[in-house]
There are 2 protein chains.
Amino acid sequence: MLFSMSRNPEEPVYNRIEEARLALGLSRQELADKAGVHYQTIGYLEREEYSPSLVLALRIAKTLNQEVSELFSLTPFKKGK
Amino acid sequence: MLFSMSRNPEEPVYNRIEEARLALGLSRQELADKAGVHYQTIGYLEREEYSPSLVLALRIAKTLNQEVSELFSLTPFKKGK
DNA sequence: ATGCTATGTAGCATTAATGCAACATAGCTG
DNA sequence: CAGCTATGTTGCATTAATGCTACATAGCAT
C-alpha cells in the first residue's frame, strides 16, 4: 500500500517477445492493446527488466500465436531463432 | 513494505497441477522442494487461490514434465484429461 | 492413545508486477 | 521547423505472489 522498489528482479526470464512482435509487424502499443496491458509493460518485458505474471505470459503467447515455451525460457535463447 | 491482502486475485488461471503431481506420486512437499518453493504455495496454486509467476509456472512445468499450456490455462480444463 | 504425514486456513511481512504520468530522444513526414 | 510515432527512463502507487509460522483435522500407522 505504500512503497515500490522493483525493476530488476532476482529471477530473470528470457523472452523473444520483440522478435515475435516485429515478425507480426506490431508496435508495442498494438501488442499491449491486444494483450490488455500498458504499453510500457511490454517495454519492460522486452528489456527483461522483469518477468511477467503467468496470466500475462499466456495472453501474450496467445496474441503472438506462440507456445509459452517458445516465447519464454528460464535459460537464454540461442541466437537466430 | 507494510501490508498484504491477497488470496483470490481477479484474474484466475486454471491448472492441473494436482492431477499431474499425483500421477507422479508426489506429495505437495516433494513437488515444492523440487520446484524450490514453499509447500503451501503448491497448495494455494492447486486450490487456485492465486496464479503463479511465470518463473514458478516454468519450474513446475519442468518438474512435472509438462508443457506450460498443458498445465495452465486461462479457460477451464475439460474433465478427464 | 500417540505420532507422523498430508492437507486446509489464517495472518503478517516482503518483494515483484503493473499502471500511469512525465520527460527525453530519434526518425519520419509534411 | 513542427508534429507524430516508437521507444527508453524515472518515479510513485497499488496489488498480487510468495515465504513462513502456527494451528486444526483426517488418515494411517505402531
Side-chain angles (χ1 to χ4, degrees), chain A residues 1-64 68 71-75, chain B residues 1-64 68 71-75:
Chain A
M1 191 219 203
L2 276 187
F3 270 48
S4 56
M5 226 253 90
S6 320
R7 293 340 176 210
N8 282 75
E10 10 65 275
E11 299 257 31
V13 171
Y14 304 90
N15 73 75
R16 283 172 163 162
I17 296 177
E18 184 167 31
E19 256 180 88
R21 172 175 66 80
L22 294 178
L24 295 182
L26 297 174
S27 70
R28 288 183 181 171
Q29 181 67 69
E30 293 171 317
L31 172 55
D33 289 345
K34 292 192 177 209
V37 292
H38 196 89
Y39 81 99
Q40 311 229 34
T41 295
I42 303 296
Y44 285 123
L45 296 180
E46 291 189 354
R47 278 174 257 124
E48 292 175 348
E49 291 188 36
Y50 58 55
S51 59
S53 65
L54 176 59
V55 176
L56 181 47
L58 288 171
R59 289 201 295 225
I60 291 177
K62 172 184 284 185
T63 301
L64 296 177
V68 170
L71 273 181
F72 303 95
S73 170
L74 294 174
T75 55
Chain B
M1 193 221 200
L2 277 188
F3 271 48
S4 56
M5 225 250 91
S6 321
R7 291 341 174 210
N8 282 75
E10 9 65 275
E11 299 258 30
V13 172
Y14 304 90
N15 74 73
R16 282 173 165 162
I17 297 177
E18 184 168 31
E19 255 180 271
R21 171 175 66 79
L22 293 178
L24 295 183
L26 297 173
S27 70
R28 288 184 182 170
Q29 180 68 67
E30 293 171 316
L31 172 55
D33 289 345
K34 292 192 179 211
V37 292
H38 196 89
Y39 82 99
Q40 312 229 35
T41 295
I42 302 296
Y44 286 124
L45 296 179
E46 291 189 353
R47 278 174 258 126
E48 291 173 350
E49 292 188 35
Y50 57 54
S51 59
S53 65
L54 176 59
V55 176
L56 182 46
L58 288 171
R59 289 201 295 225
I60 291 177
K62 172 183 285 187
T63 301
L64 296 177
V68 171
L71 273 182
F72 302 96
S73 170
L74 294 174
T75 54

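All heavy atoms count here, side chains included; hydrogens, waters and symmetry mates do not. To find a chain, count down the sequence lines: A is the first, B the second, and so on, and within it residues start at 1.
- Checking D:dT7, D:dG11, C:dA10 against every side-chain atom of A:Tyr44, the shortest atom distance belongs to D:dG11.
- Checking C:dA17, D:dT18, D:dT21 against every side-chain atom of B:Thr41, the shortest atom distance belongs to D:dT18.
- The nearest whole Å value for the distance from the CG atom in B:Leu45 to the P atom in D:dA17 is 9 Å.
- The residue among B:Tyr39 and B:Val55 whose nearest nucleotide of DNA chain C is located toward the 5' end is B:Tyr39.
- Distance CD1 (B:Ile17) to C1' (C:dT7): 15 Å, rounded to an integer number of Å.
- Here the C1' atom of nucleotide D:dA6 and the CZ atom of A:Arg47 are 11 Å apart, to the nearest Å.
- Nearest heavy atom pair, residue A:Glu18 against residue A:Glu46, reads CA-OE2, 3.5 Å.
- Close to C:dT5, at under 4.0 Å from its OP1 or OP2, lies no side-chain N or O of B:Ser27.
- Distances shown here put a side-chain N or O of B:Arg21 below 4.0 Å from the OP1 or OP2 atom of C:dT7.
- C:dA21 atom P lies 13 Å from atom CD of A:Gln29, rounded to whole Å.
- Considering every non-hydrogen atom in both B:Arg59 and A:Leu74, the closest pair reads CG-CD1, 3.7 Å.
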Show every donor-acceptor pair shorter than 3.5 Å between a side-chain atom in residues 31-45 of chain A and any protein atom, with sequence neighbours excluded, or say none if there are none.
unit_1: A:Asp33; atom_1: OD1; unit_2: A:Gln29; atom_2: NE2; d: 3.0
unit_1: A:Tyr44; atom_1: OH; unit_2: A:Arg7; atom_2: NE; d: 3.4
unit_1: A:Tyr44; atom_1: OH; unit_2: A:Arg7; atom_2: NH2; d: 2.9

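- Atom-to-atom, CD of A:Glu48 to C1' of C:dA17 comes out at 15 Å; the value is rounded to the nearest Å.
- Distance check, rounded to the nearest 0.5 Å: CD1 of A:Ile17 to CG of A:Leu22 gives 11.5 Å.
- B:Gln40 comes within contact range of at least one nucleobase, with a heavy-atom separation under 4.0 Å.
- With distances taken from any side-chain atom of B:Glu49 to the nucleotides C:dT9, D:dT9, D:dT18, the minimum falls on C:dT9.
- One distance of note links CG of B:Leu54 with OG of A:Ser73; it measures 9.5 Å at 0.5 Å rounding.
- With rounding to whole Å, B:Leu56 atom CG is found 15 Å from C:dA17 atom C1'.
- Atom-to-atom, CG of A:Leu58 to P of C:dA17 comes out at 15 Å; the value is rounded to the nearest Å.
- Nearest to the side chain of A:Ser51, among C:dA10, D:dG11, C:dA17, sits C:dA17.
- As a whole-Å value, the separation of A:His38 NE2 from C:dA22 C1' is 11 Å.
- Checked against C:dA17, C:dT7, D:dA17, the side chain of B:Tyr50 finds its nearest nucleotide in D:dA17.
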